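Worksheet for the structure shown next.
Whatever order the structure lists them in is the order used to number ligands and atoms, beginning at 1. From a predicted model like this one, the values you see are computed outputs, not experimental measurements. Sequence positions, counted from 1, serve as the residue numbers for this chain.
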Amino acid sequence: MDSSQPPTTQDPLQAETRLVTAGRDTKAQKGFVNPPVFHGSTVLYPTAADLHAHRGEFQYGRHGTPTTRALQEVLVALEGPQCAGVGLAPSGLAAISTALLAVAKAGDHVLVCDNAYRPTRNFCNGLLARYGVETTYFDPLIGAGIAALFKPNTRAVLVEAPGSQSFEMPDIPAIAAVAHARGALVIDDNTWATPLYHRSLEQGVDISVQAGTKYIGGHSDIMFGTISANANAWPIVAENVRLLGVCAGPDDVYLALRGMRTLSVRLAQHHRSGLEMARWLQQRPEVQRVLHPALENDPGHAIWKRDFTGASGLFSIVLQPKPQRAVDAMLDSLKLFGMGFSWGGFESLAIPFDCSAYRTATAWAPGGPTLRLHIGLENIEDLKADLDCGFAVFNAA
Ligand SMILES: *Cc1c(COP(=O)(O)O)cnc(C)c1O
């Protein structure tokens, strides 16, 4: 098959099939299923005329290789017909900063959800502020009420669905309707659901960003980011990617492409195991609350059901009040849940968090210690047994 052309709006294939078929050009690869990892900076031009005209399929390593093109084709195919192009970045944070720098200039104002990934806030409070861009944080549950926060110079709204650590669900279509009426663009950090479970560009988002480090890579072995944009935003995103010199390393690009091929089966299992664990935790006396939008009694459930087709394996729990040493003793006792930043790999993780120090538009007072869990691909009964032992330590401490 030859799918060197990006899929069109008429593409009748389902997302799982597109993840497997897009970006493949068997003939160009001498029959092999996968493209090689192109390590390259210099591209040689056959004649001076070609050089003067910048003629040729590829011009320079930073601007793309056959490996990056294959990955971009899969990403475009997954995002859907609204997607006009995808920029590749060396990390998720670089994808976010590139998107924000593309939309805002000195004297502008941006609106950012209060539950955004903390380094996103640090970028806004640090570099954007230094370059004369003002940030206002908003309650992620504000919905159409966001209209009151707009200023004449508001250029962009950044949302994350669900937000980092606390998993509140914003109403993206409602926020996007207001933003577009005011001439602002909407950026969505779509890392949690990926475009497989949340087609954000079809819900009014102009620029959809992912930390490909997480589920796209899927094996905790790469740093990578993606910046997808609709036809309205792609020209400024593409220009900014070029101006900043943003690109991803060849091995990480290859591993991201490899990860895309199995994304649907991995995410389906993360969804299943994550939800089963969330329900099991709801029944535990040590747990006050489970923050997971796919649970029927979660405040964000109606929006999740309307806008998402699945959930990933990441959610949080609020424990019964106990001193931190009880939580630490529990964490130290776990054998299958590792402690560490990032998530989206095959392995389960547990990490304590506290948003109270940095949220500014909302108050974070969960009423007990909080843990963020990533449910990996281990057997779910083994994972429950690990937590069961952990809770015994928690209770005894
Ligand atoms: C991890 C993460 C990022 C940043 O990704 P890196 O690849 O670590 O830079 C951005 N947004 C969210 C929601 C994340 O969880």
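Using a distance-only test at 3.5 Å, with no hydrogens or angles considered, a donor-acceptor pair links the side chain of Glu378 to the main chain of Ser348.
The one candidate from Arg199, His198, Gln210 that meets the side-chain hydrogen bond (donor to acceptor under 3.5 Å, both in side chains) condition with Asn190 is His198.
Between Glu57 and Arg69 a salt bridge is recorded (basic side-chain N to carboxylate O distance below 4.0 Å). Classification of Arg242 and Glu239 as a salt-bridged pair fails, no side-chain N sitting under 4.0 Å from a carboxylate O.
Of all atoms in ligand 1, listed by their number and element, those nearer than 4.0 Å to a heavy atom of Ser91 are 7 (O), 9 (O). Proximity to Glu160 (heavy-atom distance under 4.0 Å) selects the following atoms of ligand 1: 13 (C). Near Trp343, meaning under 4.0 Å from one of its heavy atoms, ligand 1 places the atoms 15 (O). Near Ser164, the atoms of ligand 1 lying under 4.0 angstrom from a non-hydrogen atom of the residue are 13 (C).
Here the protein heavy atom with the shortest distance to atom 6 (P) of ligand 1 is Gly92 N, 3.3 Å. Distance from atom 10 (C) of ligand 1 to its nearest protein heavy atom, with residue and atom name: Tyr117 CD2, 3.4 Å. With hydrogens left out, the protein atom closest to atom 7 (O) of ligand 1 is Thr213 OG1, 2.5 Å, a heavy atom. From the protein, the heavy atom lying nearest to atom 5 (O) of ligand 1 is Ala211 CB, 3.2 Å. Given atom 9 (O) of ligand 1, the protein heavy atom at minimum distance is Leu93 N, 2.8 Å.
Using 4.0 Å as the threshold, Thr120 has no heavy atom nearer than that to any atom of ligand 1.
No N or O atom of Ser342 sits closer than 3.5 Å to an N or O atom of ligand 1. Distances between N or O atoms of Met223 and those of ligand 1 include no value under 3.5 Å. Considering backbone and side-chain atoms alike, Asp189 places an N or O below 3.5 Å from some N or O of ligand 1. Polar contact with ligand 1: present for Lys214 (N/O pair, distance under 3.5 Å).
Taking the centre and axis of the six-membered ring of Tyr137, the NZ or CZ atom of Arg121 falls inside the cone set by 45° and 6.0 Å.
A donor-acceptor pair shorter than 3.5 Å can be found between the side chains of Ser166 and Arg359. No side-chain donor-acceptor contact under 3.5 Å links Ser164 and Asn115.
Here Trp234 contributes atom CH2 and Gln82 contributes atom CD; the two are 15.5 Å apart, rounded to the nearest 0.5 Å.
Separation of the Tyr197 and Trp192 ring centroids does not fall under the 6.0 Å cut-off.
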